[in-house]
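So you know, we letter chains A, B, ... as the sequences are listed, proteins then strands, and number each from 1. Just so it is clear, the structure is predicted and the values come from calculations on it, not from any experiment.
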There are 2 protein chains.
Amino acid sequence: MTPELSSTAPKSCEGCQIRHRAVCSRCDDAELTQLDAIKYYRSFEAGQTLIWAGDDMDFVGSVVNGIATLTQTMEDGRTQMVGLLLPSDFVGRPGRNAAPYDVIAKTDVVMCCFRKKPFETMMVDTPHIAQRLLEMTLDELDAAREWMLVLGRKTAREKIASLLSIIARRNATLKLMPLNGAVSFELPLTREAMADYLGLTLETVSRQMSALKKAGVIQIENKRHITVPDMDALMEEAGDDGDGGLLV
Amino acid sequence: MTPELSSTAPKSCEGCQIRHRAVCSRCDDAELTQLDAIKYYRSFEAGQTLIWAGDDMDFVGSVVNGIATLTQTMEDGRTQMVGLLLPSDFVGRPGRNAAPYDVIAKTDVVMCCFRKKPFETMMVDTPHIAQRLLEMTLDELDAAREWMLVLGRKTAREKIASLLSIIARRNATLKLMPLNGAVSFELPLTREAMADYLGLTLETVSRQMSALKKAGVIQIENKRHITVPDMDALMEEAGDDGDGGLLV
DNA sequence: ATGCTTCTTTGATACAGATCAAGGCGATCC
DNA sequence: GGATCGCCTTGATCTGTATCAAAGAAGCAT
């Protein structure tokens, strides 16, 4: 159950450069070499909690493979997902110690980590890394705030449509696919995880998925494989026609 | 209706140094002088929209006096407040152009602004400003994510209690007052604005305020003046016993 | 096969909060 | 004084989602 550590790239990591570039899109070769020197890989099993809220985090890094979530929990067990980590997403809070919420692997996860102390040292020497981090954090803030609108004001049906269109969009971006025409993807979340993200119950999620299917907005094969014949129709259902591209 | 500009500190601005320090807590005198050179004041009337979503923002700054809100709106008019700006709070997105949501003055507001271009130049020359901004942004992100839990999982009563305890806490911090014993403050928001923040209707807000009053958790004088005899009891109602201090 | 377990769907019912509606209170203006 | 306006409260009713309950479908171990 303890995470496996290795200093070699997992075979599934296609081009770890991409991870480095996620941390700093303007690094030169020397800086990338520096990053290489302090990086290592970690694997986690599905269901494992990578980091507990309040724990000290001694690394920052990015997801190479798999899905993890940021989750907040109340004493009585109610939980709310506050972030979704897909491959290439960054985790970590340079300059901070304790993690503010649980990070949980929803599938098997491989992370590319950088030890925090040397990473912070590098940040001081390399101002554009700090600027890149500020940019990323602003993006996350935008995404969180857009999600507040979803949680506070949208109906169950709109919430589902919003989540599906985010995942579809992310998926297309990762695979460099266009978003016109039919889009098809594997849902990385259970109905329960979707409910945790949307502030709903899993039954309501299931019902609304069925409703969207009956309405012809989506097709569902094998519970988890989703096809969206028309992204515009889905975004119409989500209530955010047009723009809506901020969400992570 | 157009904002009033002036280059002199409004008489209500007690010690603008504090605003500069909010932007950078480690600035030396030379840097503060630099900040002084690019700063100006702006006043807005209650109800005025300081910045429209999508507009270019040519400044960053902080609130000196009054209350403003960050608000998102859907096409059909549903709105969700995604942030609350109290005196000393920072507004702006160095490195970004368009504002992501409306900023609306809820009372008359005075802001201390810095022109964006020179501010960004200064950021490049002065790395610890970028670091300070990263810290502030991380704080905002934490607050936004904690608010997601409120919006997604808390009951109406818990939402109200959460909001009141944030405002009480912020108020006490600004006035350097202790949080034990009875706490008393002026509510800066109408019932409708509270509803927008909490994802409720104004009627529900009113009812739950009455309920908390009847339960003796709060006292209400003149609709807007709130006394909390026991902060612990209020936080108990909010569902976050203990910690819960992240929220802005 | 058979029986587990985990995930999902669907139905019946309950309830929190929304909606619709009316009236109260205080400020400001004439 | 009375009229008007913005804000707040309270009541009656409706509705979307939660809750409780049962059963289907797929995967996996035996």
Side-chain angles (χ1 to χ4, degrees), chain A residues 45-47 67 74 76-80 105-108 150-164 186-215 218-226 237 239, chain B residues 45-47 67 74 76-80 105-108 150-164 186-215 218-226 237 239:
Chain A
E45 298 171 7
I67 312 284
M74 292 172 66
D76 61 7
R78 279 176 281 175
T79 69
Q80 174 65 51
K106 288 289 163 181
T107 63
D108 288 353
V150 173
L151 289 173
R153 291 302 185 192
K154 291 197 179 180
T155 65
R157 183 172 177 141
E158 290 169 332
K159 286 179 175 181
I160 300 284
S162 299
L163 179 55
L164 292 179
E186 208 64 29
L187 247 189
L189 301 173
T190 65
R191 300 292 186 260
E192 189 181 21
M194 292 173 71
D196 277 347
Y197 206 4
L198 296 167
L200 299 171
T201 60
L202 68 94
E203 293 96 330
T204 298
V205 171
S206 181
R207 274 186 246 275
Q208 297 298 337
M209 293 279 286
S210 300
L212 286 174
K213 178 182 165 188
K214 185 144 62 173
I218 58 172
Q219 285 145 28
I220 308 179
E221 293 126 39
N222 293 325
K223 320 284 186 198
R224 292 287 196 93
H225 189 85
I226 307 293
E237 289 287 348
Chain B
E45 298 171 6
I67 311 283
M74 293 172 66
D76 61 8
R78 280 177 280 175
T79 70
Q80 175 65 52
K106 287 292 162 182
T107 64
D108 288 352
V150 173
L151 289 173
R153 292 302 185 192
K154 291 197 179 178
T155 64
R157 183 171 177 139
E158 288 169 333
K159 286 178 174 181
I160 301 284
S162 299
L163 179 55
L164 291 178
E186 208 63 30
L187 247 189
L189 301 172
T190 65
R191 301 292 187 260
E192 189 181 23
M194 294 174 70
D196 278 348
Y197 206 3
L198 297 167
L200 298 171
T201 60
L202 68 93
E203 293 96 330
T204 299
V205 170
S206 181
R207 273 186 248 275
Q208 296 299 336
M209 294 278 288
S210 301
L212 286 174
K213 177 182 166 187
K214 184 144 62 174
I218 59 173
Q219 286 144 29
I220 309 180
E221 293 127 38
N222 292 325
K223 320 283 185 198
R224 294 285 198 95
H225 191 85
I226 307 292
E237 290 286 349

Whole-Å gap separating [atom2] ([N]) and [atom1] ([X]):
X	N	atom1	atom2	answer
A:Asn222	C:dT8	CG	P	12 Å
A:Met194	C:dC7	CE	C1'	13 Å
A:Glu221	C:dT8	CD	P	15 Å
A:Gln208	C:dT8	CD	P	16 Å
B:Glu203	C:dA21	CD	P	12 Å
A:Met209	C:dT9	CE	C1'	12 Å
A:Lys223	C:dT5	NZ	P	20 Å

Short side-chain to backbone donor-acceptor contact, A:Lys159 and A:Leu198, under 3.5 Å: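 Pair found, side chain donor or acceptor close to backbone of A:Leu198.
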Side-chain (B:Asp108) to main-chain (B:Glu45) donor-acceptor, under 3.5 angstrom: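 Answer holds: no.
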Gap between atom CG of B:Leu163 and atom CD of B:Gln208 - 0.5 Å precision: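 The CD atom of B:Gln208 sits 13.0 Å away from the CG atom of B:Leu163.
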Approximate separation, where rounding is to 0.5 Å, of B:Leu189 CG and B:Tyr197 OH: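 One gets 9.0 Å once the value is rounded to the nearest 0.5 Å.
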Residue met sooner reading DNA chain D from 5', once B:Arg207 and B:Leu189 are mapped to nucleotides: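 Closest to the 5' end, via its nearest nucleotide, is B:Leu189.
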Chain A footprint on DNA chain D, 5' to 3' - any atom under 4.0 Å from a heavy atom: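 Both ends considered, the range comes out as D:dT17 to D:dC20.
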For [X], report the nucleic acid contact type (base, sugar-phosphate, nothing); a contact means any heavy atom under 4.0 Å.
X	answer
B:Thr190	sugar-phosphate
B:Leu202	base
B:Arg224	sugar-phosphate

Angle of first-five versus last-five pair axes in the helix from C:dA1-D:dT30 to C:dC30-D:dG1, to 10 degrees: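 End axes: 30° apart.
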Check ion pair B:Arg78-A:Glu158 (N to O, under 4.0 angstrom):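 Salt bridge present between B:Arg78 and A:Glu158.
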Short N-O contact, A:Arg153 and B:Asp196, less than 4.0 angstrom: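 Looking at A:Arg153 and B:Asp196, the cut-off is met.
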Atom CG of A:Asp76: over 12 foreign heavy atoms under 6.0 Å: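 Above 12, so yes.
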Greater than 12 external heavy atoms within 6.0 Å of A:Glu203's CD: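 Count over threshold, so yes.
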Proximity to the side chain of B:Leu200 - top-ranked nucleotide from C:dA12, C:dT9, C:dG17: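 For the B:Leu200 side chain, the nearest candidate turns out to be C:dG17.
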Which atom of A:Gly152 lies closest to which atom of B:Leu151, heavy atoms considered: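 Shortest heavy-atom contact: CA-CD2, 4.3 Å.
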